[in-house]
There are 4 protein chains.
Amino acid sequence: MTEAARRTQIVAAAIETVAELGYARASFAKIADRAGLSSTSRISYHFAGKDDLLRACVAEITGVATEFMRPRIDAAAGYAAKLRAYIESNLDLLVERPAHLRALVEILRNVRDAEDGLGEAALASRTRLFAEHLRAGQEAGEFGAFDPEVLALAITGAIDAFVGASHDSASHDGTAPDDANGGIDLRRAGTELADAFERAVLANGVRR
Amino acid sequence: MTEAARRTQIVAAAIETVAELGYARASFAKIADRAGLSSTSRISYHFAGKDDLLRACVAEITGVATEFMRPRIDAAAGYAAKLRAYIESNLDLLVERPAHLRALVEILRNVRDAEDGLGEAALASRTRLFAEHLRAGQEAGEFGAFDPEVLALAITGAIDAFVGASHDSASHDGTAPDDANGGIDLRRAGTELADAFERAVLANGVRR
Amino acid sequence: MTEAARRTQIVAAAIETVAELGYARASFAKIADRAGLSSTSRISYHFAGKDDLLRACVAEITGVATEFMRPRIDAAAGYAAKLRAYIESNLDLLVERPAHLRALVEILRNVRDAEDGLGEAALASRTRLFAEHLRAGQEAGEFGAFDPEVLALAITGAIDAFVGASHDSASHDGTAPDDANGGIDLRRAGTELADAFERAVLANGVRR
Amino acid sequence: MTEAARRTQIVAAAIETVAELGYARASFAKIADRAGLSSTSRISYHFAGKDDLLRACVAEITGVATEFMRPRIDAAAGYAAKLRAYIESNLDLLVERPAHLRALVEILRNVRDAEDGLGEAALASRTRLFAEHLRAGQEAGEFGAFDPEVLALAITGAIDAFVGASHDSASHDGTAPDDANGGIDLRRAGTELADAFERAVLANGVRR
DNA sequence: GATGAATGAGCGTTCATTCAT
DNA sequence: GATGAATGAACGCTCATTCAT
């Protein structure tokens, strides 16, 4: 097997392992097992360390997420529509790639003392971007009066809670159909969530 | 020193340690250090295992949280007011006892395979109770139409995001005043958050 | 077994192991074996790391060496006599405690990047002290003209060569009597060595 | 690139690596890096094992040293002059080829359980040859009375100490000029060292 | 009952070497 | 013949737990 293919495979195994066992229990040994490697040394050969591997995972996941969500967000016209597109596509992605999002949340929540791109700093920067969007929407008159920082954190936190909740149920019941998760229909939940936050941010408090 | 006092002291040390270092790095050794114990065996003597210690931590934290939040929630009249009281008092508590809430979130997020009272099951049950409240508010006509499960998860997730964000900033800047955290005034954030979710759930879409 | 006794025993085992196998092959596993420990974790408990253990070894060896050599050096009157006392007592010590000196040389030669008290810095500081003595002897008119730095390095290097040579022979022939080593009678060698360096440093080039 | 050239290149890289990092840290990986090889397997392909590679290094270094020192020793007339030529040319060589001599000393000091040509056995055989020369000088009446074994070991040990000391200083201060090392002018040190040992071995105790 | 000493599994990492191609 | 991929043992170290006293 070629070197690049192994790298890819290890990243995939790491994502699945972190998603399933959580950050703390995702050891090289478990990842190597899943990747079909007889020893953890092969992982150490391909990646400079655990941080390096996790960074590669984050890059892979971010790439997939961007590819999935970006078009839908770009296609939406207006700040509110883009907000809805973000929330809905994020929850749709959770249906398509649950392990990816679970792993992402686990990694970002747990890594400490990492430079950019990993750990809480990455979470904070996502929130910051979100706040920018909200602020811009306010200036455009589309959104009402609220603290953009607070709502940005609320929205991203709410989304991550769905990721975490899906984690929970999936681990207890592997038989759930792809589009059901923890008893929640995630696609519907995305719409509901978008509705709710729309009510929270819209200038005119329109009821649907 | 009485046995109960020792237990209390160990629990306090464990809470601080988990809050500061995170779940994964909070080993018995670190906790014993902070509690001024010379050996981890004293922890093992008082607690049946790590799970048992963490359960005691959760109980302690839950007790403190209940004592702090319960009166304010009870004093509020109406479903919406109670929701606001919950959110605001929770963020006020984050100001008063940041370590407690950080530890709680860390524990509930990371413990796996635990029976009731720990881990994701505990998170889910908190969400379930919340959903009950929302459903009751709908039936009382105070709240509008939305999926209570979805909003329950969104609200608790949003609150936990503030806990996590406060963790982040606190660890990078020990000089912040007690009532400021990560550049966010948590008391104001509580009001903002309550405002936002009120707009999201109220039947008549009232604007403040 | 008490904690302090274990520490002492581990240090003793480490000294023997380093002396026998050399720095590079003296792993915690080998040391634990010799100390009668079932696992390396006990060593890690007593010492902060390999450096810490080696530092303790150096301290122990230095203590033994000082206790042995100091009185003889102090008893000698005059710079030349002290030089002789140093050389002779050092080689006598090599007879009494071969493992100690072998281990010391191994450690000082091989440790890199260590703070004071370990590694090449320690070797250099010993040479510096030696050079001071030689310089003082010159100023007192007892020694002739030569570069003290050069002779200090030459003398300490020569002594260490005997330590190294004794290592060699001992490892190949464990049956040698205590006062024979590598075919060399170390006590006689000490006298010979002192004679030779005396001829090299004395002002008047006296022949014995 | 021809096989012989590859071998030569690997040997050169190994010598530099051992000289810089010391025996224990000179792994195939580091050597391959320095040689510009993508895999350590190419080293294993050209050499039967680490011993084989080190033996080739020793052979290369010995060849260089012989080529450099032999003419000067041969050109010297008399046992004392040859001794001086040996010492001085050896320290001159340390100026010209510091890495070579450092690597040689590292290898000979640290390799264990090797057959002839490596390890302490090689060191001992060098000392034996030296002792032969001293003994012959005594029989010729040029040298005085002393134990040839002892002085042979002392002289070689002293020289090696300079090699070691140069290693030390060089690694801490890369700015030193080529002919200065650790604050010591090695060429002058060679003369001083030869002077000192001349005083130690000459029959008539001549002062310069 | 309480504690200092010990345990063994597991961690991420480096190592020289082997093997199929 | 030459090489990229893989191997498994060993490294120092941390962990929660157990046990004799």
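A note on names: the letters A, B, ... follow the listed sequences, proteins ahead of strands, and every chain is numbered from 1. Reckoned from all heavy atoms, side chains included, excluding hydrogens, waters and symmetry mates.
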K.L.:
At under 4.0 Å between heavy atoms, how does the protein contact nucleotides 15-21 of chain E? Give one character per nucleotide, 5' to 3', with B, S or -.
P.N.:
SSBB---
K.L.:
Mind checking side-chain hydrogen bond (donor to acceptor under 3.5 Å, both in side chains) for C:Arg97 and listing every partner two or more places apart, or none if nothing turns up?
P.N.:
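Scan of C:Arg97 (side-chain hydrogen bond (donor to acceptor under 3.5 Å, both in side chains), adjacent residues dropped) gives none.
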K.L.:
For DNA chain F, list all stems, counting runs of three or more consecutive pairs where every pair is Watson-Crick or G-U wobble with both distances under 3.5 Å.
P.N.:
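Paired runs of 3+ in DNA chain F: E:2-21 with F:2-21.
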K.L.:
Residues in salt bridge (Lys or Arg N to Asp or Glu O under 4.0 Å) with C:Glu16, at least two apart?
P.N.:
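C:Glu16: salt bridge (Lys or Arg N to Asp or Glu O under 4.0 Å) contacts with C:Arg34.
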K.L.:
Mind checking what makes side chain to side chain contact (heavy atoms under 4.5 Å, CB included) contact with C:Ala5, not counting sequence neighbours?
P.N.:
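C:Ala5 satisfies side chain to side chain contact (heavy atoms under 4.5 Å, CB included) with C:Met1, C:Thr2 only.
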K.L.:
Once rounded to the nearest 0.5 Å, what's the spacing between atom CG of A:Leu108 and atom CG of A:Leu123?
P.N.:
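It comes to 4.5 Å.
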K.L.:
Residues in side-chain hydrogen bond (donor to acceptor under 3.5 Å, both in side chains) with C:Arg109, at least two apart?
P.N.:
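Partners of C:Arg109 under the side-chain hydrogen bond (donor to acceptor under 3.5 Å, both in side chains) test: none.
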K.L.:
Check the distance between F:dG12's P and C:Ile43's CD1 and give it to me in whole angstrom.
P.N.:
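After rounding, the reported distance stands at 8 Å.
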K.L.:
Go through the structure and list residues passing side chain to side chain contact (heavy atoms under 4.5 Å, CB included) with C:Thr8, not counting sequence neighbours.
P.N.:
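For C:Thr8, no residue satisfies side chain to side chain contact (heavy atoms under 4.5 Å, CB included) once neighbours in sequence are set aside.
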K.L.:
My understanding is that only residues two or more places apart in sequence, or in another chain, count here; which of them pass side chain to side chain contact (heavy atoms under 4.5 Å, CB included) with D:Ser27?
P.N.:
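So D:Ser27 forms a side chain to side chain contact (heavy atoms under 4.5 Å, CB included) with D:Ala29, D:Lys30.
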K.L.:
Return the value, rounded to whole Å, for the distance between atom CD of B:Glu3 and atom P of E:dT3.
P.N.:
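Interatomic distance, CD of B:Glu3 to P of E:dT3: 10 Å.
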K.L.:
According to side-chain hydrogen bond (donor to acceptor under 3.5 Å, both in side chains), who are the partners of A:Glu3, at least two apart in sequence or on a separate chain?
P.N.:
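So A:Glu3 forms no side-chain hydrogen bond (donor to acceptor under 3.5 Å, both in side chains) with any residue.
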K.L.:
Ignoring hydrogens and angles, write down the donor-acceptor pairs under 3.5 Å from the side chains of residues 40-48 of chain A, residues two or more places apart or on other chains.
P.N.:
from	atom 1	to	atom 2	distance (Å)
A:Ser41	OG	A:Ser39	OG	2.6

K.L.:
For D:His46 and F:dT3, what is the distance between atoms NE2 and C1' respectively, to the nearest whole Å?
P.N.:
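For the pair D:His46 NE2 and F:dT3 C1', the rounded distance is 10 Å.
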K.L.:
Any residue in residues 4-11 of chain C with a heavy atom nearer than 4.0 angstrom to DNA chain F? Just list them by number, or reply none.
P.N.:
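Here the set is empty: none.
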K.L.:
Under the rule for side chain to side chain contact (heavy atoms under 4.5 Å, CB included), what residues qualify as partners of A:Ala103, not counting sequence neighbours?
P.N.:
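Partners of A:Ala103 under the side chain to side chain contact (heavy atoms under 4.5 Å, CB included) test: A:Ile15, A:Val18, A:Ala19, A:Ile61.
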K.L.:
Are C:Ile31 and C:Leu53 close enough that some pair of their side-chain heavy atoms sits under 4.5 Å apart?
P.N.:
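Contact flag for C:Ile31/C:Leu53 side chains = yes.
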K.L.:
Rounded to whole angstrom units, what separation is found between the CG atom of B:Leu53 and the C1' atom of F:dC15?
P.N.:
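Checked: the CG to C1' distance equals 15 Å.
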K.L.:
On DNA chain F, nearest-nucleotide positions of A:Leu37 versus D:Arg42: which is more 5'?
P.N.:
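By nearest-heavy-atom nucleotide position, the 5'-most residue is D:Arg42.
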